[in-house]
Amino acid sequence: MKQDYSNYFENTPDANGNFGEYGGAFLPPQLEGPMKEIHDAYLKISRSADFINELRSIRKHYQGRPTPTYHAKRLSELAGGAEIYLKREDLNHTGAHKLNHCMGEALLAKYMGKKKLIAETGAGQHGVALATAAAYFGLECEIHMGEVDIAKEHPNVVRMKLLGCTVVPVTHGLKTLKEAVDSAFDAYLADPENSIYCIGSVVGPHPFPMMVRDFQKIVGIEAREQFQEMTGNLPDLVTACVGGGSNAMGIFSAFLNDPCEIWGVEPLGRGPGTGEHAATMTYGMPGIIHGFKCYMLQDEQGEPAPVYSIASGLDYPGTGPEHCHLKDEGRVQYTTADDKECLDAFYKLCRYEGIIPALESSHAVAFAMKKAKEMGSGSILVNLSGRGDKDIDFIADNYGFGEEG
Ligand SMILES: *Cc1c(COP(=O)(O)O)cnc(C)c1O
């Protein structure tokens with residue numbers, strides 16, 4: 001390892017939100033003021049003892065943290081090589097890591113005196129987590145969602161409504177995530193006084209990539225301590241799936257200064273053709289999307305290219321600026337798993353461990369199984385970002401119950 005990461009978080013990102021050449025804030029003038037307000041409030045409030053103590057208490061008593069780290073013995077045996085350990089974010093309240101940053105963002109909103117949380121959602125996972133946080137704090141919640149996604153992700157729409165959230169259908173353009181982002185930004189701009197925009201991953205303009213990373217750091221802090229307690233050692237390799245990159249930054253952040261390999265796994269979908277995958281770091285070029293610079297899948301005009309993955313939580317044509325920086329520095333390596341490998345890992349984890357994982361997380365499990373065999377010995381820590389309850393009907397209807405079913 002070339003670099004020294006012991007002071008990394010003190011100067012990454014820099015004061016303008018740059019992670020090396022990535023990140024920043026490319027904003028229309030009317031958003032500059034509101035973003036600065038969130039930035040300044042975050043720096044001040046998140047360091048106060050009251051904020052820290054309240055977040056700590058929420059994590060313990062409401063979210064059920066710490067989530068366990070688990071030695072997947074049968075899966076390891078099946079893979080045949082390194083021992084595989086799972087950080088069980090699937091056991092975090094609402095079934096994924098997303099609530100870690102949503103509770104943080106909503107707590108910040110409360111301290112800032114905001115009354116309403118606004119966000120977009122694609123598959124609905126971020127919407128559900130944010131609606132949960134809004135209900136907890138007694139805040140209003142408005143989630144913008146493309147009409148196409150509303151039809152596709154019906155159970156999550158029902159969840160959001162049960163949690164008291166207003167789901168705003170977005171009817172223009174392709175009626176999916178990109179239009180929902182624009183719509184949510186417009187709604188936020190109409191009333192930045194009383195509302196706050198809450199992003200769903202380590203993406204968007206500064207300060208969001210930093211803020212969401214900081215709220216997700218708890219995953220890595222817990223996992224590193226638990227792993228050392230269980231084994232007396234550090235893992236040889238740490239891995240997570242990368243969509244926007246929040247669960248991955250959460251676990252990676254604790255191991256940057258350790259002698260472990262770190263691998264992010266992107267969705268290769270149906271293959272490397274344009275529109276068939278969402279492997280941004282592997283096939284993308286630097287560009288600007290949604291107010292920040294990152295590796296991005298682009299068409300000839302430099303517009304975001306269409307993306308696809310079996311796991312809808314991973315299909316975003318950009319990725320977190322910090323991942324781009326860590327890739328260029330050579331500290332984190334990025335690879336892919338395709339739909340087939342993902343499904344295979346999904347079924348294996350169900351059958352061999354009694355854990356139904358999210359399709360997103362299954363990408364990291366697929367890589368871990370492949371790598372375990374290649375390594376022959378040693379240990380791999382996987383961030384199991386979420387549970388697969390949301391995916392079971394889709395899988396059963398389209399792919400059946402696995403080879404032994
Ligand atoms: C949303 C989601 C992801 C992808 O988001 P990241 O920001 O890349 O972590 C991964 N896993 C699960 C379970 C999700 O819900």
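Every number for a ligand or one of its atoms is a count from 1 in the order of the listing.
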Between side-chain atoms of residues 241-255 and protein atoms elsewhere (two or more places apart, or another chain), which donor-acceptor pairs fall under 3.5 Å?
| residue | atom | partner | partner atom | Å |
| --- | --- | --- | --- | --- |
| S246 | OG | H97 | NE2 | 3.0 |
| N247 | OD1 | N383 | ND2 | 3.1 |
| N247 | ND2 | C241 | O | 3.1 |
| S253 | OG | M249 | O | 3.1 |
| S253 | OG | G250 | O | 3.0 |

Inset, instruction - Using atom types as modelled and distance alone, determine if a side-chain donor or acceptor of D339 lies under 3.5 Å from a backbone N or O of I310. - result: yes
Legend entry - Results of ring-ring contact (aromatic ring centres under 6.0 Å, His included) for H144 - residues two or more places apart only: none
Legend entry - Test: K178 and D182 ion pair at under 4.0 Å: yes
Legend entry - Main-chain N/O of E225 paired with Q228 side-chain donor or acceptor, under 3.5 Å: no
Legend entry - For E147, all residues meeting side-chain contact (heavy atoms from CB on, under 4.5 Å), sequence neighbours excluded: P169, T171, K175
For ligand 1, output the ligand-protein N/O contacts shorter than 3.5 angstrom; if there are none, return none.
| residue | atom | partner | partner atom | Å |
| --- | --- | --- | --- | --- |
| ligand 1 | 7 (O) | S201 | OG | 2.5 |
| ligand 1 | 7 (O) | G245 | N | 3.2 |
| ligand 1 | 7 (O) | S246 | N | 2.7 |
| ligand 1 | 7 (O) | S246 | OG | 2.6 |
| ligand 1 | 8 (O) | G243 | N | 2.8 |
| ligand 1 | 8 (O) | G244 | N | 3.2 |
| ligand 1 | 8 (O) | G245 | N | 2.7 |
| ligand 1 | 9 (O) | H97 | NE2 | 3.0 |
| ligand 1 | 9 (O) | S246 | N | 3.4 |
| ligand 1 | 9 (O) | S246 | OG | 3.2 |
| ligand 1 | 9 (O) | N247 | N | 2.8 |
| ligand 1 | 9 (O) | N247 | ND2 | 2.8 |
| ligand 1 | 11 (N) | S385 | OG | 2.7 |
| ligand 1 | 15 (O) | K98 | NZ | 2.6 |

